[in-house]
Trainee: 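This structure is in structure tokens; I'll ask about it shortly.
We count residues from 1, following the sequence as given.
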Amino acid sequence: VNSNVRRHTSMRTSSPKLKPRWRRAQFAQAAAALLLFFVPAVSFIAFVVGVNGFVPTLRLKPLADLAAVVVAVMYAALIGPLFVRQLRSSLREKKYPGVVKHASLILFAPFAGWCLTQIFFAAPASYVMHRMQTSNATTTEVVVLRADHLGGRRCRNRAVLNEERFFWRRELCGISDEAVAKLRRGGRLNVQGTVTSYGMQVQRYAYSAA
């Protein structure tokens, strides 16, 4: 009887010790999710909604490339084990649609982290750094590689300023149809706005001789 009482007593005293550990793990995961997903995602949405006419430079791209690799590894470390367990369970139960789904998620999670980090540095981070460094408006000449109508809803008529880079496209949006026709094979534009090493905030533009 005494041994049974001791066992029950030990179970009662040991169970509360597990709860703080579990809560700390949950808090760490929530903080990591907030840092790695929600902050970049929300800041990018705010940039899309509130900013127009900003063209980033490639100043932050080396940092973005490094940070994107680190975030991709962290995504794999935080999310990967969960999907691995589910993948093994699907394999044991021979649920092959689940195998394909979880294997895809294991591969997609690091890629999603990489993409989100690149977007964050190319848009909101570059814009914030530009605003911190902004001087008076000036006029500068930019070289246009080509102009077209392929920029989607956000950038219907665009003048492309650099070779296409994943998430780091430098383009002037909303130019006139006449400007698109003139610059279809390249040319130059005089751009008025604020210019820093992180980008330029375009206010207006004018043709320049090619």
Side-chain angles (χ1 to χ4, degrees), residues 23-88 90 97-134 145 148 150-156 158-174 194-202:
R23 289 174 182 173
R24 286 196 295 269
Q26 287 181 321
F27 177 79
Q29 289 180 345
L34 180 65
L35 177 64
L36 299 178
F37 179 77
F38 286 106
V39 171
V42 170
S43 61
F44 177 70
I45 292 172
F47 174 85
V48 171
V49 172
V51 178
N52 289 306
F54 177 71
V55 182
T57 65
L58 302 179
R59 173 76 180 273
L60 293 180
K61 191 173 188 305
L63 178 60
D65 291 339
L66 177 61
V69 173
V70 174
V71 171
V73 171
M74 294 181 70
Y75 264 58
L78 289 172
I79 303 175
L82 172 63
F83 292 140
V84 168
R85 288 194 296 269
Q86 293 175 346
L87 175 62
R88 290 173 178 172
S90 297
V99 171
V100 175
K101 173 185 175 182
H102 297 129
S104 301
L105 290 173
I106 291 171
L107 297 175
F108 177 75
F111 179 70
W114 184 88
C115 292
L116 189 60
T117 304
Q118 291 283 348
I119 290 173
F120 172 74
F121 279 96
S126 292
Y127 179 72
V128 169
M129 296 302 294
H130 169 79
R131 293 286 296 180
M132 292 176 63
Q133 202 181 66
T134 292
L145 300 183
D148 55 44
L150 304 177
R153 288 185 177 182
R154 184 168 169 79
C155 193
R156 289 188 180 275
R158 64 173 186 170
V160 179
L161 306 184
N162 71 333
E163 293 295 340
E164 298 279 343
R165 297 172 187 259
F166 206 45
F167 300 125
W168 290 85
R169 293 177 296 181
R170 301 187 64 238
E171 51 196 21
L172 294 176
C173 300
T194 55
V195 179
T196 69
S197 60
Y198 296 98
M200 60 181 175
Q201 181 69 54
V202 179

Trainee: Show the atom names and distances, to 0.1 Å, of all donor-acceptor pairs under 3.5 Å that link a side chain in residues 45-52 to residues at least two apart or in another chain.
Mentor:
none

Trainee: Taking only residues two or more places apart in sequence, or in another chain, which ones meet C155 in a disulfide bond (SG atoms under 2.5 Å apart)?
Mentor: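 Scan of C155 (disulfide bond (SG atoms under 2.5 Å apart), adjacent residues dropped) gives C173.
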Trainee: Which atom names give the shortest non-hydrogen contact between H130 and M200, and what distance separates them?
Mentor: CE1-CA, 3.9 Å
Trainee: Going by the rule salt bridge (Lys or Arg N to Asp or Glu O under 4.0 Å), which residues pair with D148 if we only count those two or more places apart in sequence or in a different chain?
Mentor: R146, R158
Trainee: Ignoring hydrogens, what is the shortest heavy-atom contact between P110 and A72? Give both atom names and the distance.
Mentor: O-CB, 3.4 Å
Trainee: Looking at V71, V69, L66, which hits side-chain contact (heavy atoms from CB on, under 4.5 Å) with T117?
Mentor: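 When side-chain contact (heavy atoms from CB on, under 4.5 Å) is applied between T117 and each of V71, V69, L66, only V71 qualifies.
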Trainee: Quick one: list whatever passes side-chain contact (heavy atoms from CB on, under 4.5 Å) with R59, sequence neighbours left out.
Mentor: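 So R59 forms a side-chain contact (heavy atoms from CB on, under 4.5 Å) with T57, S197, Y198.
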Trainee: With sequence neighbours left out, what residues match S43 under side-chain hydrogen bond (donor to acceptor under 3.5 Å, both in side chains)?
Mentor: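 With sequence neighbours excluded, S43 shows a side-chain hydrogen bond (donor to acceptor under 3.5 Å, both in side chains) to no residue whatsoever.
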Trainee: The criterion is side-chain contact (heavy atoms from CB on, under 4.5 Å); which residues satisfy it with V70, sequence neighbours excluded?
Mentor: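 Applying side-chain contact (heavy atoms from CB on, under 4.5 Å) to V70 gives M74.
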Trainee: Name all residues meeting the side-chain contact (heavy atoms from CB on, under 4.5 Å) criterion together with I119; count only those two or more places apart in sequence or in a different chain, and write none if there are none.
Mentor: F44, F167
Trainee: Within this structure, what is the CZ-OG1 distance for the pair R131 and T196, rounded to the nearest 0.5 Å?
Mentor: 10.5 Å
Trainee: To the closest 0.5 Å, what do you measure between CD (E171) and CG (N162)?
Mentor: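 Nearest 0.5 Å value for the CD-CG distance: 8.5 Å.
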Trainee: Please round to the nearest 0.5 Å and tell me the distance separating atom OH of Y127 and atom CE of M132.
Mentor: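 That separation rounds to 13.0 Å.
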Trainee: What pairs of residues pass the salt bridge (Lys or Arg N to Asp or Glu O under 4.0 Å) test when at least one of them lies in residues 108-130, not counting sequence neighbours?
Mentor: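 Applying salt bridge (Lys or Arg N to Asp or Glu O under 4.0 Å) to every pair that reaches into residues 108-130, excluding sequence neighbours, yields nothing.
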Trainee: Please identify each residue that fulfils side-chain contact (heavy atoms from CB on, under 4.5 Å) with A64, with sequence neighbours left out.
Mentor: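 So A64 forms a side-chain contact (heavy atoms from CB on, under 4.5 Å) with Q118, F121, W168.
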